[in-house]
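Residue numbers start from 1 in every chain, and the chains themselves are labelled A, B, ... in the order their sequence lines are given, proteins ahead of strands. Heavy-atom basis, side chains included; hydrogens, waters and symmetry copies ignored.
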Protein chains: 2
Amino acid sequence: MADVTVTPLPNRSAPAQAEVNAHSEPSWDLIELLFFAYRDFVSDPDDVLAKFGFGRAHHRVLHFVNRHPGIKVADLLDVLKITKQSLGRVLKQLVDQGYVVQKEGENDRRQRLLYVTPKGEQLAMKLAGLQTARIAGALAELGPGAHEAARRFLVAMIDADGRDGVQRLIARADRARRPRS
Amino acid sequence: MADVTVTPLPNRSAPAQAEVNAHSEPSWDLIELLFFAYRDFVSDPDDVLAKFGFGRAHHRVLHFVNRHPGIKVADLLDVLKITKQSLGRVLKQLVDQGYVVQKEGENDRRQRLLYVTPKGEQLAMKLAGLQTARIAGALAELGPGAHEAARRFLVAMIDADGRDGVQRLIARADRARRPRS
DNA sequence: ACAGTTACGTCAGCCATATTGACATATTTC
DNA sequence: GAAATATGTCAATATGGCTGACGTAACTGT
């Protein structure tokens, strides 16, 4: 595919964009900015986690357990899109070291519902704080409405069929962590 | 590295709570949306790459060599922030299989300047096309100005000290790939 | 009540990608 | 000519994915 045709496209940093599609010039700027932004975004937590002997995998598990107290193992697997074997390794470490606890489900005693301990919550919140600081710094540089613009862009970047699920997940988590508000 | 000191923070959630480093409620929505959006963003190329026996590492190398014809190995290492040993493995595969070629530097014959072959360019453009399609689809759902808003947000998310370098990199690449415009 | 399904765990092995550290080889620079 | 630079390579190690197979407890439906 793709003759790399030289389309002049005087797309300076001005507003009013070109309608880009697969046949036209790639969106080099956003492709690369996503790469760099995401790399830096995860680097802050990485540094802290390294001191605990943890990695990114632990972060993701801890994060979603913190956000979804009582989440089922199966649901966590679904969110992370990894196998139970992969999850098992990091989850075991988090449990053994007292960051996460497992409780039997009340209705269904096969389930191992996951909760963060106070120690786990502390770490999770610390990591979230780092990422929030970066986000807040970025949004502060931009005008009001930047938060909403970023949110809408990111939502639109998610697979169409997973989009609603993700948004429901986020909304549900907001309620879960704020039981009596 | 920041004592995690208490910071009272009248937290209406359950027991013994939350010390956010960033003295405010975490930006849960953007934190999670970045995770999901980026995961889907890289999944399209991943699927194609798998058919070639390549992975994400190959994609990154191919991408930046394509964008920066004649890039020095040292500069590529700097952009990717990996070690030369890590680069060496994937680069060797790309060279052996005819996606990338190395040429001696004219001024400095120690350098091995990197270029994509036509075959390499074709693959790089195919992958960029997939990511561009996703981006274009997202931007099309949002109003005009969404591209610029996304660009500014992502730039602001990059480490302050790397930001200028990244933007110069992108601008330079735009010129490099468009020699006779 | 029993068969089948579900939720979860675990053992074993493989692969990709990253790391550190040491060393080798040209080549350029001072 | 010595030192610094650009690159390559060998070896060992860690992390975090994967597949496949198997096990066990608990729920579900006829």
Side-chain angles (χ1 to χ4, degrees), chain A residues 35 38-39 42-43 45-65 70-97 100-115, chain B residues 35 38-39 42-43 45-65 70-97 100-115:
Chain A
F35 169 73
Y38 193 78
R39 189 186 59 184
V42 292
S43 73
D46 279 357
D47 294 343
V48 172
L49 288 156
K51 296 178 195 149
F52 289 77
F54 291 149
R56 248 173 242 185
H58 302 87
H59 184 191
R60 294 197 282 262
V61 171
L62 188 62
H63 172 92
F64 283 106
V65 172
I71 189 174
K72 286 188 294 179
V73 169
D75 288 346
L76 185 52
L77 291 176
D78 200 57
V79 166
L80 299 177
K81 292 215 180 116
I82 59 174
T83 59
K84 61 179 171 178
Q85 294 90 332
S86 294
L87 174 62
R89 213 179 2 215
V90 297
L91 182 55
K92 190 171 193 311
Q93 290 176 268
L94 289 169
V95 169
D96 288 349
Q97 296 179 41
V100 170
V101 289
Q102 298 171 290
K103 291 187 193 172
E104 242 178 24
E106 292 196 352
N107 302 330
D108 187 337
R109 285 168 43 220
R110 291 171 304 180
Q111 299 174 346
R112 298 297 146 84
L113 307 183
L114 304 173
Y115 298 85
Chain B
F35 169 73
Y38 193 79
R39 189 185 58 183
V42 293
S43 74
D46 279 357
D47 294 342
V48 172
L49 288 157
K51 297 177 195 151
F52 289 76
F54 291 149
R56 248 173 243 185
H58 302 87
H59 184 192
R60 293 197 285 262
V61 171
L62 188 62
H63 172 93
F64 282 105
V65 173
I71 190 174
K72 286 188 293 179
V73 169
D75 289 346
L76 185 53
L77 290 176
D78 200 56
V79 166
L80 299 178
K81 295 220 177 105
I82 58 173
T83 60
K84 61 180 172 179
Q85 293 89 332
S86 294
L87 174 62
R89 192 175 25 86
V90 296
L91 182 55
K92 190 171 192 309
Q93 290 176 270
L94 288 169
V95 169
D96 288 350
Q97 297 180 40
V100 170
V101 289
Q102 299 170 290
K103 291 186 192 172
E104 243 179 25
E106 293 196 352
N107 302 330
D108 186 336
R109 286 167 43 218
R110 290 171 304 181
Q111 297 173 347
R112 298 298 147 82
L113 307 184
L114 304 173
Y115 299 85

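- Listed candidates were C/dT5, C/dT28, D/dC22. Nearest to the side chain of B/R109 is C/dT28.
- To the nearest 0.5 angstrom, A/I82 atom CD1 is 5.0 Å from A/L87 atom CG.
- In this structure, A/H58 atom NE2 and D/dT15 atom P are separated by 8 Å, rounded to whole Å.
- Atom-to-atom, CG of B/L91 to C1' of C/dA18 comes out at 16 Å; the value is rounded to the nearest Å.
- Mapped onto DNA chain D by nearest heavy atom, A/I82 and B/A74 fall at different nucleotides, with B/A74 at the one closer to the 5' end.
- Listed nucleotides C/dT27, C/dA7, D/dG16 differ in distance to A/Q111; the shortest reach to its side chain belongs to C/dA7.
- Counting all heavy atoms, side chain and backbone alike, A/V79 lies closest to B/R39 at O-NH1, 2.6 Å.
- Nearest to the side-chain atoms of B/R110 among the listed nucleotides D/dC27, D/dT7, C/dT27 stands C/dT27.
- When the nucleotides D/dT5, D/dT7, C/dG21 are ranked by their closest atom to the side chain of B/Q85, C/dG21 comes out on top.
- Of the side-chain N and O atoms in A/S86, none sit less than 4.0 angstrom from OP1 or OP2 of D/dG16.
- Rounding to the nearest 0.5 Å places CZ of A/R89 at 14.5 Å from NZ of A/K84.
- Base engagement by B/R89 is indicated by at least one non-hydrogen atom pair under 4.0 Å involving a base atom.
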Go through the steps for A/L91 and A/L76 under the test side chain to side chain contact (heavy atoms under 4.5 Å, CB included), then give the verdict.
CA-CA 11 Å; A/L91 182 55; A/L76 185 52; 5.5 Å; no
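- Proximity note for A/D108 (side chain, C-beta onward) versus D/dC27, C/dT10, D/dG8: the nearest is D/dC27.
- Within 6.0 Å of CD in A/E104 there are more than 12 heavy atoms belonging to other residues, nucleotides or ligands.
- Looking at the side chain of B/V90, the nearest of the listed nucleotides C/dT17, D/dA25, C/dT20 is C/dT17.
- Distance from the side chain of B/A57 is smallest for C/dT17 among the nucleotides C/dC8, C/dT20, C/dT17.
- In plain terms, the two heavy atoms of B/A57 and B/V90 that are nearest each other are CB-CG1, 3.7 Å.
- Nucleotide D/dC10 holds its P atom 15 Å from the CG atom of B/L87, rounded to whole Å.
- Nearest-nucleotide mapping onto DNA chain C: of A/D75 and B/R56, the residue sitting toward the 5' end is A/D75.
- Remark: P of C/dT17 and CZ of B/F54 are 10 Å apart, rounded to the nearest angstrom.
- Summarising the geometry, the separation between NZ on B/K72 and P on C/dT27 is reported as 17 Å, rounded to the nearest angstrom.
- Rounded to a whole Å, the CG atom of B/L94 is 10 Å from the P atom of C/dT17.
- Of all nucleotides listed (C/dG9, C/dT5, C/dT17), C/dG9 comes nearest to the side chain of A/K84.
- Judged by closest nucleotide on DNA chain D, B/Q102 is the one of B/Q102 and A/G55 placed further toward the 5' end.
- With A/L77 as reference, A/V73 is the one residue of A/V73, A/L80, A/D75 to meet the side-chain contact (heavy atoms from CB on, under 4.5 Å) rule.
- Across the helix from C/dA1-D/dT30 to C/dC30-D/dG1, the helix axis at one end is tilted relative to the axis at the other end by 30° (nearest 10 degrees, each axis from five pairs).
- With rounding to whole Å, B/L77 atom CG is found 13 Å from C/dT20 atom P.
- The CZ atom of A/F54 sits 5.0 Å away from the CG atom of A/L94 when rounded to the nearest 0.5 Å.
- OP1 or OP2 of D/dC18 lies within a sub-4.0 Å distance of a side-chain N or O belonging to A/T83.
- The CG atom of B/D46 sits 12 Å away from the C1' atom of C/dA16 (whole-angstrom rounding).
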